[in-house]
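Working notes for the structure below.
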Amino acid sequence: MPEAGLASADTGEADVGDVGVAEVLAAQARLRPYLPVTPMHLAERFGVMLKLENLQRTGSYKVRGALNAMLAAAERGDRRPVICASAGNHAQGVAWAAYRLGVQAITVMPHGAPENKIAGVAHWGATVRQHGDCYDEAYAFAVQLAEQNDYRFLSAFDDPDVIAGQGTIGIEIAPHAPDVVIVPIGGGGLASGVALALRSQGVRVVGAQVEGVDAMARAIKGDVREIAPVSSLADGVRVKVPGFLTRRMCARLLDDVVIVREAELRETVVRLALEENLIAEGAGALALAAGRRVAGKRKCAVVSGGNIDAATLATLLSEVRPRPPRKPRRRTGEPGPAAEPADAAARKSTPVAKRRPTANLSPSATISAAAPSPVQQPVSEEEFTW
C-alpha cells in the first residue's frame, strides 16, 4: 500500500491543530497488527465504490479511533481506566479495544440506544451506564464521572488520536484512485480524518448529513446554536454540537456537505440489503444516499457501520418499496448491439413468395462463408465508468 505519497507530500495545507498526516500514518502502523484492511466493493447499480466499514471489528469504523487512542495513551504511559459517551458504535469500539489491551472501560449510553449495541458493549466486558435521552446528555454525565474518578475521557470524535485513527480509512481508499469520497458526518471525526489523509492526494471529500441532523453543516456556515436533532434512522450521527477541533478541520478540508432527506436514507438501506446483499445501519448508508447528489466519475462512499437493530431492518424491508434501479450505463469498451446487414433487413421486409432463391452452396461452403459471431470480452473494474 503506497504511503510514500502521503508522507512526502507538503502537509502544511492539511495539518490542522494537533493532528496531521504524520499522525494518520503513525495510527496506521499501530492498527495494522490488530485490524485487517476492510474490502472495497463495486456497487454497479449505484455506480459507486463502497468502503465496507460495516465489516470492521464490532461492525463499525469507530474501533479504529478508539484503539489508536488507547495504544497512543499506552505509549505515553497513561493506563487509566477509559470512559466514553456514545450512542453505540464508539462504545463498542472502546469496549473491544479495552478488552484487547486489558484496560478497564466504562461507557455511558443514552436511554433508547439500540439494544444490539448495548449487548455488544457488554459482550466485551465494559461497564454500561445509561443516562439521558440523547448523546449530549450522556456526554455531560460521562465528563462529570471522568472528573470525579480521574478516568481518561475518550471523545467519540473531538480527539486528535481518534481523528488520526479514523483517517486510516483514507489511506486504505487512496490506492483505488477515486476522484471523490463521500463520508457521513455526526461529530466530524471520520470526515476530518479521511479529508486529512486524502487532501494531499488531490481527492475531493464531501460530507453527508440528514435533514434536521445537520449540526456540522450549520456550524461551518457560522450557526453554532444548539438545536436538538430530529428523530432519524441515522441515530449514530445525532449530535447537537459537533466537535470544536473537527469543526475547524471540516471547515478547512471538506469540499462540500450534502444534506439528505430521511426518505432517501431509508430507501438506501433497503436497496443495499436487496440489491447488494449488504447490511448497513442508517448512519452507515448515509454517504451512499448522498452519492446521487455528488458529481464524479470515480465515486467512493464509506459504509460506516452495519449495527442495525433487527426489528428496525424488518420494518424497513416491509414498508419501503424502492424505485426500480436506473438502467446501467454502458461500460467502456463494451460493444453495442450488432448492426443488422442491409440485405438481411431487406429480406425481412420482402414477402417469402417474392424472395429469390439463393445460390446452391455445399454445406462446407456455407460454413466457411459464415462470419464468426463476436465474443464479448470481460470488463475489469478498472474499465468501469463510475
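Source: prediction; values computed, not measured. Residues take their numbers from the sequence shown, with the count starting at 1.
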When you compare the side chain of [Y] with that of [X], does any pair of heavy atoms fall below 4.5 Å?
X: L52; Y: L278; result: yes
X: V24; Y: I171; result: yes
X: S60; Y: N54; result: no
X: C300; Y: I182; result: no
X: S192; Y: L253; result: no
X: M249; Y: I163; result: yes
X: I83; Y: R152; result: no
X: P229; Y: V239; result: no

Quiz item: Can you list the steps and then say if V183 with V205 is a side-chain contact (heavy atoms from CB on, under 4.5 Å)?
Solution: CA-CA 7 Å; V183 293; V205 180; 4.2 Å; yes
Nearest atoms (heavy-atom pairs only) where [X] meets [Y]:
X: R218; Y: R225; answer: NH1-O, 3.5 Å
X: A69; Y: D161; answer: CA-CB, 3.6 Å
X: L265; Y: A234; answer: CD2-CB, 3.7 Å
X: G296; Y: V180; answer: CA-CG1, 4.2 Å
X: I118; Y: A113; answer: CD1-O, 3.7 Å
X: V269; Y: A280; answer: CG1-O, 3.6 Å

So how far is it from [X] [atom1] to [Y] [atom2], rounded to the nearest 0.5 Å?
X: D159; Y: N68; atom1: CG; atom2: CG; answer: 9.0 Å
X: E275; Y: R45; atom1: CD; atom2: CZ; answer: 5.0 Å
X: N116; Y: I308; atom1: CG; atom2: CD1; answer: 9.0 Å
X: L233; Y: L316; atom1: CG; atom2: CG; answer: 5.5 Å
X: L196; Y: R252; atom1: CG; atom2: CZ; answer: 10.0 Å
X: E23; Y: T168; atom1: CD; atom2: OG1; answer: 13.5 Å

Neighbour count >12 (heavy atoms, 6.0 Å) for atom [atom1], [X]:
X: E75; atom1: CD; value: yes
X: R80; atom1: CZ; value: yes
X: R76; atom1: CZ; value: yes
X: F157; atom1: CZ; value: yes

May I ask you to check whether [X] and [Y] show a side-chain donor-acceptor distance below 3.5 Å?
X: E137; Y: H131; value: no
X: S232; Y: E262; value: yes
X: N307; Y: N89; value: yes

Quiz item: Under the side-chain contact (heavy atoms from CB on, under 4.5 Å) criterion, do D214 and I227 qualify, and how do the steps go?
Solution: CA-CA 9 Å; D214 56 350; I227 299 178; over 6 Å; no
Donor-acceptor check, side chain of [X] to backbone of [Y], threshold 3.5 angstrom: yes or no?
X: E226; Y: K240; result: no
X: D158; Y: L245; result: yes
X: N149; Y: L145; result: yes
X: T246; Y: G187; result: yes
X: R247; Y: A219; result: no
X: K51; Y: I169; result: no
X: D179; Y: R298; result: yes
X: S86; Y: A91; result: yes

Self-check item: By ring-ring contact (aromatic ring centres under 6.0 Å, His included) - contacts of Y151 (at least two apart)
Solution: none
Practice problem: Go through the structure and list residues passing ring-ring contact (aromatic ring centres under 6.0 Å, His included) with F244, not counting sequence neighbours. | Solution: none
Practice problem: Check the pair E276, R271 against side-chain contact (heavy atoms from CB on, under 4.5 Å), reporting the backbone distance first and the verdict last. | Solution: CA-CA 7 Å; E276 302 296 332; R271 286 190 61 192; over 6 Å; no
Quiz item: With sequence neighbours excluded, what pairs up with R204 under the salt bridge (charged side-chain N to carboxylate O under 4.0 Å, His left out) test?
Solution: none
Quick check on the hydrophobic clustering: are [X] and [Y] connected, directly or via other members, by side-chain heavy-atom contacts under 4.5 Å?
X: L101; Y: W96; result: yes
X: L154; Y: Y139; result: no
X: L31; Y: W124; result: yes
X: V63; Y: V237; result: no
X: V258; Y: V303; result: no

Flag the pair [X] and [Y] as a salt bridge only when some basic side-chain nitrogen lies within less than 4.0 angstrom of an acidic carboxylate oxygen.
X: R64; Y: E172; answer: yes
X: K62; Y: E53; answer: no
X: E264; Y: R293; answer: yes

Quiz item: Is NZ or CZ of R129 both nearer than 6.0 Å to the six-membered ring centre of F141 and within 45° of the ring axis?
Solution: no
Quiz item: What residue among Q92, H90, E281 forms side chain to side chain donor-acceptor pair (under 3.5 Å) with K117?
Solution: E281
Exercise. Could you check E319 against R266 for side-chain contact (heavy atoms from CB on, under 4.5 Å), going step by step and ending with a plain yes or no?
Key: CA-CA 10 Å; E319 293 181 353; R266 292 164 60 88; 3.4 Å; yes
